[in-house]
Amino acid sequence: MLEIPCPWCGPRAEVEFACGGESGPPRPADPGSLDDAAWTAWLWNRTNRKGPHVETWWHQAGCGRWFLLARDTSDDRVLASWPIGATPPPLPEEGA
Amino acid sequence: MARIAALARLDPAALAAPGADPVRLAEHSFRARLLLRGRDEALAAALEALGFGPAREVGAVARSGERRALRLGPDRLVLLDRPGEETALEARLAPLLGERGGAVVDLTEAMTTLAIDGPEPAVRATLAEGCPLDLHARAFPPGRCAASLYGKVPVWLEAVEARAGRLVVELHVDRSYATHLARHLALAGREFGFHFQS
């Protein structure tokens with residue numbers, strides 16, 4: 001089980017959280033102007049990268065807040081967490 | 001209409017386990033419980049109006065006489081008071097929070113409070129059986145609160161007081177889960193002896 005550092009509550013067990021998936025690119029400002037391929041790409045395609053990866057997590061059973069978490073997908077190490085809108089801490093590059 | 005405690009139909013004999021100094025479970029069914037939501041500024045205004053000191057940090061508990069305020073998240077506070085106070089508190093806080101973009105909800109009837117009392121190591125071990133929090137005295141001393149789980153049941157925990165080697169912890173839980181939670185606690189506390197006072 002992962003120990004996830006909630007930016008407000010501190011380190012807590014993974015069972016208290018729900019993962020919201022990869023923190024994707026921003027929603028297009030004018031979705032009506034996109035063609036199907038571009039919309040599909042925004043909606044469904046994720047990088048699925050190996051290495052440091054930023055995800056949204058929800059502290060469902062705790063403080064109830066969403067936040068961002070950087071996790072290395074190759075070894076499951078949790079690198080950092082920060083509130084949505086805050087400046088993310090420096091993260092190691094892929095393969096570093 | 002008469003109010004009925006959430007654990008009223010639970011048979012104390014069915015939960016009991018022998019022990020010289022057992023873990024004791026009691027229910028405070030009708031305590032006033034209000035959930036306050038809002039930004040820091042709205043919650044601070046509510047705390048000040050009720051005569052509390054600040055409780056800015058998540059996990060802090062503010063006290064004012066019998067009233068307690070648990071800071072369970074950056075945008076949420078739970079207010080506990082004597083039974084019967086909920087209506088007046090809600091009426092007083094609703095405009096105060098409303099003006100500041102916050103809200104207050106009366107959860108008195110929606111939830112109940114189970115209090116666990118006993119020798120400190122036994123109480124902490126009983127809780128640790130079902131709760132993933134760090135329950136060491138360093139991390140969860142009296143005067144701290146946390147929203148977490150017990151088994152699969154969402155609970156709000158508060159370490160209320162420690163005195164002469166004994167610890168009181170209160171678990172605030174949705175009423176419909178209370179019987180299940182009480183049975184789970186009784187199983188977890190069996191090895192230390194368990195006593196339920198209905």
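Residue numbers start from 1 in every chain, and the chains themselves are labelled A, B, ... in the order their sequence lines are given, proteins ahead of strands.
- Heavy-atom proximity under 4.5 angstrom to chain A picks out B:Val58, B:Leu72, B:Gly73, B:Pro74, B:Asp75, B:Arg76 from residues 56-88 of chain B.
- By the neighbour-count criterion of 12 heavy atoms within 6.0 Å, atom CZ of B:Arg190 is sparsely surrounded, having that number or fewer from other residues, nucleotides or ligands.
- Atom CD of A:Glu14 sits in a crowded spot, with more than 12 heavy atoms from other residues, nucleotides or ligands closer than 6.0 Å.
- No single ILVMFWY cluster, assembled from side-chain heavy atoms under 4.5 Å apart, contains both B:Leu185 and B:Val168.
- Contact residues of residues 144-152 of chain B toward chain A are B:Ala146, B:Ala147, B:Ser148, B:Leu149 (heavy-atom distance under 4.5 Å).
- One hydrophobic cluster, built from ILVMFWY side chains closer than 4.5 Å, holds both A:Val78 and A:Phe67.
- Residue A:Trp66 is grouped with residue A:Leu79 when hydrophobic side chains (ILVMFWY) are merged at heavy-atom distances under 4.5 angstrom, including chains of intermediate members.
- In terms of non-hydrogen atom pairs under 4.5 Å with chain B, the most contact-rich of A:Pro11, A:Gly64, A:Gly62 is A:Gly62.
- In terms of hydrophobic clustering, with Ile, Leu, Val, Met, Phe, Trp and Tyr side chains grouped at heavy-atom distances under 4.5 Å, A:Leu91 and A:Leu68 are assigned to a common cluster.
- For residues 106-133 of chain B, the interface with chain A (any heavy-atom pair closer than 4.5 Å) comprises B:Pro132, B:Leu133, sorted by residue number.
- Enclosure of atom CG in A:Asp75 by more than 12 non-hydrogen atoms of other residues, nucleotides or ligands within 6.0 angstrom is indicated.
- B:Val23 and B:Phe140 fall within a single hydrophobic cluster, where Ile, Leu, Val, Met, Phe, Trp and Tyr are joined by side-chain heavy atoms under 4.5 Å apart, directly or via other members.
- Taking 4.5 Å as the heavy-atom cut-off, none of the residues of residues 17-36 of chain A approach chain B.
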